[in-house]
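Since the structure comes first, as structure tokens, the remarks are kept for the end.
It should be emphasised that the depicted structure is a prediction, and the values quoted were computed from it without experimental measurement. Order of appearance sets the numbers: ligands from 1, and atoms from 1 within every ligand.
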Amino acid sequence: MEYSQKVMEHFMNPKNVGEIVNPDGVGTCGNPVCGDLMTFYIKVEPKTDDLNSARIVDIRFKTFGCAAAIAVASMASEMVKGKTLSEIKNLTRNEVAEELDGLPPIKLHCSNL
Ligand code: FES
């Protein structure tokens, strides 16, 4: 199994790891295939229900996951930071995997997180 250079970079030096105190949103999910867990924290400005205006100004994650899961979380966090909620609401696991220059087929399920 070979990982791309980008996967290795994000695994070895993940971006946006950690937790936000008093976040505007928290989401936790698990991968039933392997039992891995991931939690994302976001801070949004301005505080509004208008998805076209509310922008992610900070994002952090913690994961109990494999190398691919760490790389996916790191890349996803970079892809959404600074974007409005409407810009990111349709982001797919495939887009994140593509941005990482692909994942080995056996690790594609990790991008579900
Ligand atoms: Fe569990 Fe990758 S093996 S997320």
What residue and atom, counting heavy atoms only, is the protein's closest point to atom 1 (Fe) of ligand 1, and at what distance?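 Here the closest protein heavy atom is Cys34 SG, 2.0 Å.
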With atom 1 (Fe) of ligand 1 as the reference point, give the N/O/S atom of Asp36 that is nearest.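 Of the nitrogen, oxygen and sulfur atoms in Asp36, atom 1 (Fe) of ligand 1 lies nearest to OD2.
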Give, for atom NE2 of His109 and atom CG of Asp36, the distance between the pair rounded to the nearest 0.5 Å.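 The CG atom of Asp36 is 8.0 Å from NE2 of His109, to the nearest 0.5 Å.
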Working to the nearest 0.5 angstrom, can you tell me the gap between Ile42 CD1 and Asn16 CG?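 Here the rounded value is 12.5 Å.
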Tell me whether Arg93 is salt-bridged to Glu95, with the criterion being a basic N under 4.0 Å from an acidic carboxylate O.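 No, Arg93 and Glu95 are not salt-bridged.
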In the structure I gave you, are the side-chain heavy atoms of Arg55 and Glu87 within less than 4.5 Å of one another anywhere?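 The answer is yes, as the side chains (C-beta and beyond) meet within the 4.5 Å cut-off.
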Could you tell me which atoms of ligand 1, counted from 1 in the order shown, lie closer than 4.0 angstrom to a heavy atom of Ala69?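 With Ala69 as reference, the close atoms of ligand 1 come out as 4 (S).
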Is it true that atom CG of Asp50 has more than 12 heavy atoms of other residues, nucleotides or ligands lying nearer than 6.0 Å?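 Atom CG in Asp50 is packed in, count exceeds 12.
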Could you please compute the angle at atom 2 (Fe) of ligand 1 from SG of Cys66 to SG of Cys110, rounded to 10°?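 Between SG of Cys110 and SG of Cys66, the angle at atom 2 (Fe) of ligand 1 is about 100°.
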May I ask whether Lys107 has any heavy atom positioned less than 4.0 angstrom from an atom of ligand 1?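 Yes.
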